[in-house]
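Presented below is the structure to which this report refers.
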Amino acid sequence: MNWTDSGGRDLADFAFSYAPAKIILGGEHAVVYGETALALAIDQGIRLGVTRSAQLDGPVLRSVGWSILGEVRPGPNGAGPKVLREALAKLVELMGSGVRELLFTVDTHLPFGCGLGSSAALSVALIRSIHRFWQLDLPPAKEQGLAFELERIFHGNPSGVDHTVISSGGMICYRKTHESSFIERVNPKQQLKFAVGLAGAHVGTSRAVTLLKERVRRHPDVYGGIFSSIGHVAREMKHCVEQEKLAGLGELMDVNQGFLNALGLSTPKIEALCSIARERGALGAKLTGAGCGGAVIALVDSDPQMIVDAFMAAGYSAFAVASENIL
Ligand code: MEV
C-alpha cells in the first residue's frame, strides 16, 4: 500500500524525525572542567521533516516554528543565520553531497538559544532524519559522534552533555575528561515537573564559556573549588532523584544557583525569576544551560501553571515542561 499526504505526494519521499530538548538539573559549566552534570530530556523538542528539494544548491532548512530562522541555505547563494549555514555545510561534509538535494522543515515551539538544548536537538534531529530518509543504520555511538561535530559548529568546544542526553533520552550523569566521556543512566521513579521562565536572550554558550574561562585564569584555585562543589551538588542531586526526595533536589537546585551566581553567570532577571518561583512555592529554582540570560527552571511537586502564570504576570515568557516520560 502506498501512503500519500493530503497533496497526493508519496510519503516514501519523506522522512520524519524527532529529538527532545534538555534541561541541566545541575553541573552546567562545571562539566566543562571535568565535573559531573545531571541532565534530562524533556517532553518538548524538535520535529523535522525531510524531502528532496527542487533546488540543488541546498541543503535548505525551513521552519514553521522559529520565525528567526527564515530560510537557511549554505551554498554560494547562501541565506540565513551564519551558524546555521555553517552547520548545514558541515552536514554535507559529514554525510556527502547527497545532502545538498535535501529540504528540511523544522517544526517546534521550543525557544531557540535559551539553554534548553535547541541546537543539540536540531543536530540530532537532522542526523536522524537523513538516516531515515536514506534508510541507513544509525547506532547510538554514530549518532552521538555526528551530533558532536555539529555541536562544535554551534558552540566551539562543548562538553558534549547536551547532545548526549538528547540522543540517549531519559536522565543521565555525564562527565568528560581529556581522554573520554562517562555516561551513567539515572532512573527517576517519578516524572519531574518544571515551570520555565525566559530571562531574555542569552549571550551564547561559547561566549559564556569563554568569558568564564577568562575569570578562571585569574583565580584558578577559587573557581576550581566552586566547580568541584558544583560536581558534588550534581552527584547529590542524583541520589535525591533516585530516592524520590524532591524537596532535597529543589534545595540543591538553589545551592547550584548560588554557585552559578558566584561564577558570574546569573543576571538580575534570572535572580528575579528564581525569587518569584520560590515565593510561589517552587521546591527550587536555577538557571539552566549557559546562563547570562536564557531559561530558568523551577521544580514543582504540583501543577506548574501557577508559577508559569506568576512569571508571565511579571512580564516574562513562560511555559511548563516535564521530564520525558520513559517509565
Ligand atoms: C550548555 O548547555 C552547558 C554548558 O555546560 C556548556 C557545555 O557543557 O559545553 C554551559
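Both ligands and their constituent atoms are indexed starting at 1 by order of listing. In this chain, numbering begins with 1 at the start of the sequence shown. It should be emphasised that the depicted structure is a prediction, and the values quoted were computed from it without experimental measurement.
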Taking atom 3 (C) of ligand 1 as the reference point, the nearest protein heavy atom with its distance: I24 CD1, 3.7 Å
Parallel, tilted or perpendicular, as decided by the 30° and 60° cut-offs, for the rings of F16 and F14: parallel
R128 (side chain) donor-acceptor with S167 (main chain) under 3.5 angstrom: yes
Contact (N/O only, under 3.5 Å) between D162 and ligand 1: yes
Any H29 heavy atom less than 4.0 Å from ligand 1: yes
T51 side-chain N/O to D13 backbone N/O, donor-acceptor pair under 3.5 Å: yes
Atoms of ligand 1 close to V161 [distance to a heavy atom under 4.0 angstrom, numbered from 1]: 8 (O)
Flag if over 12 foreign heavy atoms under 6.0 Å of NE2, H232: no
Polar side chain donor-acceptor pair, Q144 to T164, under 3.5 angstrom: no
Atoms in ligand 1 with a heavy atom of P158 nearer than 4.0 Å: 9 (O)
Per-residue contact class, K22 against ligand 1 - non-hydrogen pairs under 4.0 Å: side chain
Pair E214 + R218: basic N to acidic O under 4.0 Å: no
Sub-4.0 Å atoms of ligand 1 with respect to non-hydrogen atoms of V31: 5 (O), 8 (O)
Protein contact of atom 6 (C) of ligand 1 - nearest heavy atom, named by residue and atom, plus distance: T205 CG2, 3.8 Å
Closest candidate by heavy atom, reference atom 7 (C) of ligand 1, pool G294, S159, A290: S159
Proximal ligand 1 atoms for E28, defined as those under 4.0 Å from one of its heavy atoms: 5 (O)
Under 3.5 Å, which donor-acceptor pairs do the side chains of residues 251-262 form with other protein atoms, sequence neighbours left out?
residue : atom : partner : partner atom : Å
D254    : OD1  : R278    : NE           : 2.8
D254    : OD1  : R278    : NH2          : 3.1
D254    : OD1  : A285    : N            : 2.9
N256    : OD1  : G27     : N            : 3.1
Q257    : OE1  : L287    : N            : 2.8
Q257    : NE2  : S266    : OG           : 3.1
Q257    : NE2  : E271    : OE2          : 2.9
N261    : ND2  : E271    : OE2          : 3.2

